[in-house]
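Lettering of chains follows the sequences in order, A, B, ..., and the numbering in each one begins at 1.
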Amino acid sequence: MLLFNDYKKIIYEKIRKIYSINENDMEISNNYGDFTLKIFKINDKPEIIYKNIKNALNEDFIDKIELNNNYINFFIKSSSMVKTVNDSIDTFGKYPNTFQDTSKALIEHTSSNPTGPIHVGRIRNSIIGDSVFRIIDRYGYRSCTQYFVNDSGKQVISLYLGHMKYHKDEDLTVENLLEGYQKIYKEKEENPEINKEIELLGEQYERGDDELIQNIQKTASVILDSIKKSLKKLDIEISTYVWESNFILYGDVNKVLNELSDYLKEDGKAKYIEIGDKKIFLTRDNGTSLYFTRDIAYHLFKAENFDWIIDILGEDHKDHAKHLDYVLNNYLDFNAKVNYLFYGFVSLESGKMSTRKGRIVTLDDLYDKTVDESIKIIKEKRPEYDEEKIKEISNGIALSSIRYNIVKVNANKPLTFKWSEALNFEGDSAPYIMYSYARASSILNKSGDYNEISDNYNDHEKKLIKAMYVYPYYLESSANYLRPDIIANYLLNLVKAFNEFYLNCPILGDPEMKKRITLLKIYKKIMEDSSNLIGIKLLNSI
RNA sequence: GGGCUCAUGGCCUAGUAUGGAUAAGGCACCGUCCUUCUAAGUCGGUGAUCGUGGGUCCAAAUCCCACUGAGCCCGCCA
């Protein structure tokens, strides 16, 4: 829960005492004052409503109230808004302050099969997931992230078998493993016997063959470590890793099967559950478990320790999640709140991404190219910077750009990855945001420290002040709707307001310097806070 | 075939949850501003019957129906 001086709420509560309105009738306004109330539905003449509302509100933070057709617009004193933000930062070190929620949230993201490098399609999962985590955490939940490592399906067994067949006596390297993995899928097409082998290994695995389990985990770990390394480049570190096989070995999967036994039907020896007109299989003919069953066990496990579970999933998992949710809530003792956040697929300009056809852009590729492009531009624009500084800035720009370009688009929209856009550092981009922060820092470096709030701000200052004051509303809706893109959008508008201020309001040596320095300090603080939510790395100079 | 999702200037995106005041940004294109704090910036201009057709409503990009196009799912894979 957010704690701040919420003028919108104060006004709303007062009006509600005289008119029946709901929260949606009042919103933040962009062109007509600070907050606006729609009065279409109020059964009274606008002039009368206006008069009554004006009389009911004699708050000293209100600058003026205007009637405009079927809207009443409220103007808040800029000095009150600055004071609200400034006091909060002075007292709590942040704006808004939060009330720590006692419930615990778990965000599961990425969880991609450890059978290959992470590519720009998968990265949408990690970037959205990590941002949601940061937002929920900032909002006041005790949060952590988790990666569900698949070490018990056919894919990982194939990875292991590929290595045993083709690179047995060689080092366990990512390259060797990938080569073996691709080879085995190719051979499968000509030689169906391979599937038998995989099936047998699967049975052996589920019986709890220690040596086999350790070997498979060892191969999976090699790939997993490389995934971790790639994610770290984007400042993404996942709190905990949970191995799928644990749910088989420690009996959780069997427990699930027992608890569901009343609802299970059999097809040969395989067991399934009917949901609607669909048969959802939980075990195979040979008795081994399926992903669906293990995921049920996993969710029961999550619910033991967390009150709020958030799964970040590709849209191809929609049906899986629907069925999972149905079983959890109808057939099992399950009390946690679960949100499934789906994201649309990322395609390339050349078409669908495909690992087998080699048509992917890996995160490492993307990162390296973005760093290179950035270095090129820095050398051109800032010839005075030394190598170390160039390195710091280009890494910051690469990580911020990649994250920003992905996170700014609403998750449920499909996304086409384009190099021209990924490497564009102008306009609606991460460097645009970083640049404005660097400008603010640069001035502060050259100035003294002042804390002055005025009763008189010009339009440019007012616009910036409002953009800063309004931060909690966006933080709140991004948390409520699990939408990091709302923060990306907010940030862009905040920066626009700052750029306008920067260009029109001289600071150093100006008679109005002190109050403007104060705005600058607040701006930096809110920038740091909000940028961090979506992983943009701000630097004092770029 | 059934189900889910998406469709907004040449291109990309916001706005759709909660219907309401001139549909907002960016890229590209044309023009403006560096003897003031970082021009990766600023300001102005060109460009949209919000996929199509119906419906509901005082009011529809937003809600409902149908259609078209794209993506995803419909496995004893994950």
Taken to the nearest whole Å, NE2/A:His323 to P/B:rC76 is 13 Å
Is A:Lys279 touching bases, backbone alone, or none of the nucleic acid, heavy atoms closer than 4.0 Å?
-> nothing
A:Tyr435 side-chain N/O to B:rA39 phosphate OP1/OP2 under 4.0 Å = yes
Ignoring backbone atoms, test whether A:Arg284 places a side-chain nitrogen or oxygen under 4.0 Å from the OP1 or OP2 oxygen of B:rG75.
-> no
Could you tell me whether A:Asn31 contacts a base, only the sugar-phosphate backbone, or nothing, with contacts defined as non-hydrogen atoms closer than 4.0 Å?
-> base
Which is true for A:Gln155 with a 4.0 Å heavy-atom rule: it touches a base, it touches only sugar-phosphate, or it touches nothing?
-> base
With syn defined as a glycosidic angle within 90° of 0 and anti as everything else, classify B:rC4.
-> anti
Measure the CG-CH2 distance between A:Leu366 and A:Trp419 for me, rounded to the nearest 0.5 Å.
-> 5.0 Å
Tell me the partner of B:rU35, counting only Watson-Crick (N1-N3 plus N6-O4 or O6-N4) or G-U wobble (N1-O2 and O6-N3) with both under 3.5 Å; none if nothing fits.
-> none
Does atom CG of A:Asn445 have more than 12 heavy-atom neighbours from other groups under 6.0 Å away?
-> yes
Remember a base hit wins even if backbone is also touched, and classify A:Tyr32 as base, sugar-phosphate or nothing at under 4.0 Å, heavy atoms.
-> base
May I ask you to evaluate whether A:Asn499 reaches the phosphate of B:rU42, defined as a side-chain N or O under 4.0 Å from OP1 or OP2?
-> yes
Nearest-nucleotide check on RNA chain B, A:Tyr502 vs A:Lys496; residue mapping nearer the 5' end is A:Lys496
Does CD belonging to A:Glu47 count more than 12 external heavy atoms closer than 6.0 Å?
-> yes
Distance in angstrom units between A:Asp428 CG and B:rU13 C1', rounded | 7 Å
When the P atoms of B:rC73 and B:rG53 are considered, how many whole Å apart are they?
-> 32 Å
Partner nucleotide of B:rA24 by Watson-Crick or wobble geometry (both distances under 3.5 Å) | B:rU13
State whether A:Lys446 places a side-chain N or O below 4.0 Å from either non-bridging phosphate oxygen (OP1 or OP2) of B:rU38.
-> yes
Side-chain N or O of A:Arg483 closer than 4.0 Å to phosphate OP1/OP2 of B:rA14 | no
Donor-acceptor contact present, side-chain A:Asn540 to main-chain A:Ser441, <3.5 Å | no
From CG of A:Leu492 across to P of B:rG41 the rounded distance in Å is 11 Å
Taking OP1 and OP2 of B:rU38, is either one under 4.0 Å from a side-chain nitrogen or oxygen of A:Ser541?
-> no
Touch class at under 4.0 angstrom, heavy-atom based, for A:Leu508 against every strand present = base
Indicate the ring-plane relationship of A:Tyr502 and A:Phe498, choosing parallel, tilted or perpendicular according to the 30° and 60° boundaries.
-> tilted
Measure from the ring centre of A:Tyr481 to the centre of the six-membered ring in the base of B:rA17, then say whether that distance is under 5.5 Å and the planes meet at under 30°.
-> no
Just name whichever nucleotide pairs with B:rA66, Watson-Crick or G-U, keeping both distances under 3.5 Å, else none.
-> B:rU52
Would you check if there is a donor-acceptor pair between the side chains of A:Thr288 and A:Tyr205 at a distance under 3.5 Å?
-> no
Any residue meeting side-chain hydrogen bond (donor to acceptor under 3.5 Å, both in side chains) with A:Lys463, in chain and number order, not counting sequence neighbours | A:Glu500
Is A:Asp311 paired with A:Lys302 through a side-chain N to carboxylate O contact shorter than 4.0 Å?
-> yes
Please work out whether the ring planes of A:Phe292 and A:His323 are parallel, tilted or perpendicular, with thresholds of 30° and 60°.
-> perpendicular
Base, sugar-phosphate, or nothing for A:Glu266, non-hydrogen atoms under 4.0 angstrom?
-> nothing
Within the 6.0 Å centroid threshold, strictly below: A:Tyr291 and A:His320 = yes
Going by the angle between their ring planes, with limits at 30° and 60°, are A:Phe148 and A:Phe247 parallel, tilted or perpendicular?
-> perpendicular
Separation of B:rG26 P from A:Ile433 CD1 (nearest whole Å) = 13 Å
Going by heavy atoms closer than 4.0 Å, what residues in residues 397-405 of chain A are next to RNA chain B?
-> A:Ile397
Identify whether any heavy atom of A:Asn540 sits under 4.0 Å from a base atom; if not, whether one sits that close to sugar-phosphate; answer base, sugar-phosphate or nothing.
-> base
Tell me: CZ of A:Phe281 to P of B:rC76, nearest whole Å?
-> 5 Å
Check the distance between B:rC77's C1' and A:His320's NE2 and give it to me in whole angstrom.
-> 12 Å
Phosphate oxygens OP1/OP2 of B:rU42: is one of them under 4.0 Å from a side-chain N or O of A:Tyr432?
-> yes
Reading nucleotides 3-10 of chain B from the 5' end, what letters show protein touch, with B for base, S for backbone sugar-phosphate only, - for no heavy atom under 4.0 Å?
-> -SSSS---
Residue matched to B:rG1 through Watson-Crick or wobble contacts both under 3.5 angstrom = B:rC74
Euclidean distance, atom NZ of residue A:Lys154 to atom P of B:rC76 [Å, nearest integer] = 10 Å
Mapping A:Glu426 and A:Leu37 to their closest nucleotides on RNA chain B, which lands nearer the 5' end?
-> A:Leu37
Does the side chain of A:Arg382 get closer than 4.0 angstrom to OP1 or OP2 of B:rA40 through an N or O atom?
-> yes
Base, sugar-phosphate, or nothing for A:Asp267, non-hydrogen atoms under 4.0 angstrom?
-> base
In whole angstrom, give me the gap between the C1' atoms of B:rC50 and B:rU36.
-> 44 Å
Pick base, sugar-phosphate or nothing for A:Lys352, based on heavy-atom distances below 4.0 Å to the nucleic acid.
-> sugar-phosphate
Counting only distance, no hydrogens or angles, is the base of B:rA21 paired donor-acceptor with the side chain of A:Thr36 under 3.5 Å?
-> yes
Nearest-Å distance for atom pair CD1/P, residues A:Ile280 and B:rA78 = 13 Å
A:Asp485/A:Arg483 ion pair, N-O < 4.0 Å | yes
For A:Asp151, report the nucleic acid contact type (base, sugar-phosphate, nothing); a contact means any heavy atom under 4.0 Å.
-> nothing
In this structure, CD of A:Glu476 is separated from OH of A:Tyr471 (nearest 0.5 Å) by 12.5 Å
